[in-house]
Amino acid sequence: MRKDNRFQAIYKQLLTLHGPQGWWPIRATYHKHDYDIPQTPEELFEICVGAILTQNTSFKNVDLALHNLREHNLLNPQNLLKASEILVKTCIKASGYFNQKTKKLLTFTDFFLTLNHRKPLRNELLSLWGIGPETADSMLLYGWHEPIFVIDAYTKRIFTHLNLIDATFKYEDMQAIFEDNLPKDYILYNEFHALIVEHAKQFYSKKPYGIKCPIKSYLA
DNA sequence: AGCCAGGCTACCG
DNA sequence: CGGTAGCATGGC
């Protein structure tokens, strides 16, 4: 099947508009031209924790939570499991849904330790309570450098607005459209998703969505 | 003062 | 199967 080259063209447009984003932030720092993150097991764990905490939550609030966890030396799987639930909840309070997210973190951390440094399968992540497709794919992409395209609310909003995907498609169907129309490239998927988020924050955060979106005139 | 944020689960018809 | 209430806080 031939590729729809509009997907890669939009990527290039977004990169020109916003510049490299350098996800995933580690210790609140974006690494604009460094795609070799994480570099240590603890950085990998921090990415996974951040992926859970950022569910339906701005990363600003997540950053406050990560800071508290770091202060208490809890960005470490063994220490996190040893800590009291009260302490964990207190640390992550700013990221919202702290009761649910504490349970999610502990469930995930149990599983993380059983990995013994191997990469998890997507289905293994999805089987965990509290890990859905976006969280699993974010971990696999940004943590384990698996070339897998992350679909989030912003991606759906922008690309349905641009009439490039059907709003009724399910997660994996939308993901397949991106992956079928793009080279299977970790760095491309890494940047593209980050650029989508930045672009959505600028042009698709409040209704009516996309009014001043420069990509629209480019496509037309 | 609302509305929104880098979702997921449980439960309903 | 699709649709949606509930979860919770901080920023703007």
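Below, chains carry the letters A, B, ... as their sequence lines are ordered, and counting in each starts from 1. Computation of the quantities below employed the complete heavy-atom set of this structure, encompassing side-chain atoms and omitting hydrogens, waters and symmetry-equivalent molecules.
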Exercise. With a 6.0 Å cut-off on ring centres, are A:Phe7 and A:Phe192 close enough?
Worked result: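 No: the rings miss the under 6.0 Å criterion.
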Exercise. Centres of the A:Tyr154 and A:Tyr204 rings: under 6.0 Å?
Worked result: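 No: the rings miss the under 6.0 Å criterion.
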Side-chain donor-acceptor pair under 3.5 Å between [X] and [Y], yes or no?
{"X": "A:Tyr35", "Y": "A:Glu191", "answer": "yes"}
{"X": "A:Lys104", "Y": "A:Thr135", "answer": "no"}
{"X": "A:Asn181", "Y": "A:Gln8", "answer": "no"}
{"X": "A:Tyr186", "Y": "A:Asn190", "answer": "yes"}

Mind calculating the distance between [atom1] ([X]) and [atom2] ([N]) to the nearest angstrom?
{"X": "A:Phe192", "N": "B:dG6", "atom1": "CZ", "atom2": "P", "answer": "18 Å"}
{"X": "A:Asp63", "N": "B:dG6", "atom1": "CG", "atom2": "P", "answer": "12 Å"}
{"X": "A:Leu195", "N": "B:dG6", "atom1": "CG", "atom2": "P", "answer": "15 Å"}
{"X": "A:Glu134", "N": "B:dG6", "atom1": "CD", "atom2": "P", "answer": "10 Å"}
{"X": "A:Trp129", "N": "B:dA10", "atom1": "CH2", "atom2": "P", "answer": "7 Å"}
{"X": "A:Lys103", "N": "B:dG7", "atom1": "NZ", "atom2": "C1'", "answer": "15 Å"}
{"X": "A:Phe108", "N": "B:dG7", "atom1": "CZ", "atom2": "C1'", "answer": "16 Å"}
{"X": "A:Lys104", "N": "B:dA10", "atom1": "NZ", "atom2": "C1'", "answer": "12 Å"}

Take atom [atom1] of [X] as the centre, draw a 6.0 Å sphere, and report whether it contains more than 12 heavy atoms from other residues, nucleotides or ligands.
{"X": "A:Glu85", "atom1": "CD", "value": "no"}
{"X": "A:Ile86", "atom1": "CD1", "value": "no"}
{"X": "A:Lys3", "atom1": "NZ", "value": "yes"}

Exercise. Which residues within residues 19-35 of chain A lie with some heavy atom under 4.0 Å of an atom in DNA chain B?
Worked result: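 When residues 19-35 of chain A is checked for heavy atoms under 4.0 Å from DNA chain B, the hits, listed by number, are A:Trp23, A:Trp24, A:Tyr30.
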Exercise. Which ones in residues 50-61 of chain A lie close to DNA chain B, meaning a heavy atom under 4.0 Å from one of its atoms?
Worked result: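 Within residues 50-61 of chain A, the residues near DNA chain B are A:Thr54, A:Gln55, A:Asn56, A:Thr57, A:Ser58, A:Phe59.
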For this session: Using a cut-off of strictly less than 4.0 Å between a heavy atom of the residue and any atom of DNA chain C, enumerate the qualifying residues of residues 89-100 of chain A by number.
Result: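 When residues 89-100 of chain A is checked for heavy atoms under 4.0 Å from DNA chain C, the hits, listed by number, are A:Lys93, A:Ala94, A:Gly96, A:Tyr97, A:Phe98, A:Asn99, A:Gln100.
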Exercise. Going by number, which of residues 164-176 of chain A have a non-hydrogen atom under 4.0 Å from DNA chain C?
Worked result: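 Those residues: none at all.
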Problem set entry | Covered region of DNA chain C, 5' end to 3' end, by chain A [heavy atoms, under 4.0 Å] |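 Counting from the 5' end, contacts occupy C:dC7 to C:dC12.
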For this session: Between B:dA1 and C:dA8, how far apart are the P atoms? Round to whole Å, please.
Result: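 Here C:dA8 and B:dA1 have their P atoms 24 Å from each other.
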Exercise. Given the P atoms of B:dG6 and C:dA5, what is the spacing between them in whole Å?
Worked result: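 So the two P atoms sit 22 Å from each other.
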Problem set entry | Minimum-distance pair of heavy atoms, taken over all atoms of A:His199 and A:Pro214 |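 The answer is CE1-CD, 3.9 Å.
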Problem set entry | Closest approach of A:Gln55 to A:Gly130 (non-hydrogen atoms, all atoms of both residues) |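 Heavy-atom minimum between the residues: NE2-O, 3.0 Å.
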Exercise. What class does the angle between the rings of A:Phe108 and A:Phe45 fall in, given that below 30° is parallel, 30 to 60° is tilted and above 60° is perpendicular?
Worked result: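 A:Phe108 and A:Phe45: parallel rings.
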For this session: Could you check whether A:Lys101 gets within reach of a base, just the sugar-phosphate, or nothing at all, counting any heavy atom under 4.0 Å?
Result: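 Counting heavy atoms under 4.0 Å across all strands, no contact is made by A:Lys101.
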For this session: Scan A:Ile196 against the nucleic acid and name what it touches under 4.0 Å (heavy atoms): base, sugar-phosphate only, or nothing.
Result: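 The residue A:Ile196 makes no contact with any strand.
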Problem set entry | Criterion side chain to side chain contact (heavy atoms under 4.5 Å, CB included) on A:Val49 and A:Leu69, from CA distance to verdict | CA-CA 10 Å; A:Val49 169; A:Leu69 289 171; 4.0 Å; yes
Problem set entry | Nearest-nucleotide pick for A:Arg157, side chain only, options being B:dT9, B:dC8, B:dA5 |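 Comparing B:dT9, B:dC8, B:dA5 against the side chain of A:Arg157, the answer is B:dA5.
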List for me each residue that meets salt bridge (charged side-chain N to carboxylate O under 4.0 Å, His left out) alongside [X], sequence neighbours excluded, and say none if there are none.
{"X": "A:Arg118", "value": "A:Glu124"}
{"X": "A:Asp4", "value": "A:Arg6"}
{"X": "A:Arg122", "value": "A:Asp137, A:Glu172"}
{"X": "A:Lys119", "value": "A:Glu146"}

Exercise. Can A:Phe203 and A:Tyr209 be said to form a ring-ring contact (aromatic ring centres under 6.0 Å, His included), step by step?
Worked result: CA-CA 7 Å; A:Phe203 300 107; A:Tyr209 296 137; over 10 Å; no
Could you write out each protein N or O paired with an N or O of nucleotides 11-13 of chain B at a distance under 3.5 Å?
none

Problem set entry | Residue mapping more 5' on DNA chain B - nearest nucleotide basis, A:Lys207 or A:Gly130 |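 Result: A:Lys207.
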Exercise. On DNA chain B, nearest-nucleotide positions of A:Leu126 versus A:Tyr154: which is more 5'?
Worked result: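 It is A:Tyr154, whose closest nucleotide lies nearer the 5' terminus.
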Exercise. Within less than 4.0 Å of OP1 or OP2 of B:dG6, is there a side-chain N or O belonging to A:Tyr142?
Worked result: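 So the side chain of A:Tyr142 is outside the cut-off, no N or O lying under 4.0 Å from OP1 or OP2 of B:dG6.
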Exercise. Which range-with-range stems can be found for DNA chain B when each stem has 3 or more Watson-Crick or G-U pairs in a row and both distances sit under 3.5 Å?
Worked result: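 The stems are B:2-5 with C:9-12, B:7-13 with C:1-7.
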For this session: Check the pair A:Leu17 / A:Gln202 against side chain to side chain contact (heavy atoms under 4.5 Å, CB included), numbers first and verdict last.
Result: CA-CA 11 Å; A:Leu17 273 170; A:Gln202 291 190 25; over 6 Å; no
Exercise. Can you name the side chain to side chain contact (heavy atoms under 4.5 Å, CB included) partners of A:Ile47, sequence neighbours left out?
Worked result: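 Per chain and number, A:Ile47 pairs via side chain to side chain contact (heavy atoms under 4.5 Å, CB included) with A:Trp24, A:Ile26, A:Ile37, A:Pro38, A:Tyr142.
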Exercise. How far apart are the C-alpha atoms of A:Lys89 and A:Lys101, what are their side-chain angles, what is the distance that settles it, and do they pass the side chain to side chain contact (heavy atoms under 4.5 Å, CB included) test?
Worked result: CA-CA 8 Å; A:Lys89 288 181 181 179; A:Lys101 282 178 178 173; over 6 Å; no
Problem set entry | Residue pair A:Cys91, A:Leu74: steps toward the side chain to side chain contact (heavy atoms under 4.5 Å, CB included) verdict | CA-CA 9 Å; A:Cys91 286; A:Leu74 297 183; 4.3 Å; yes
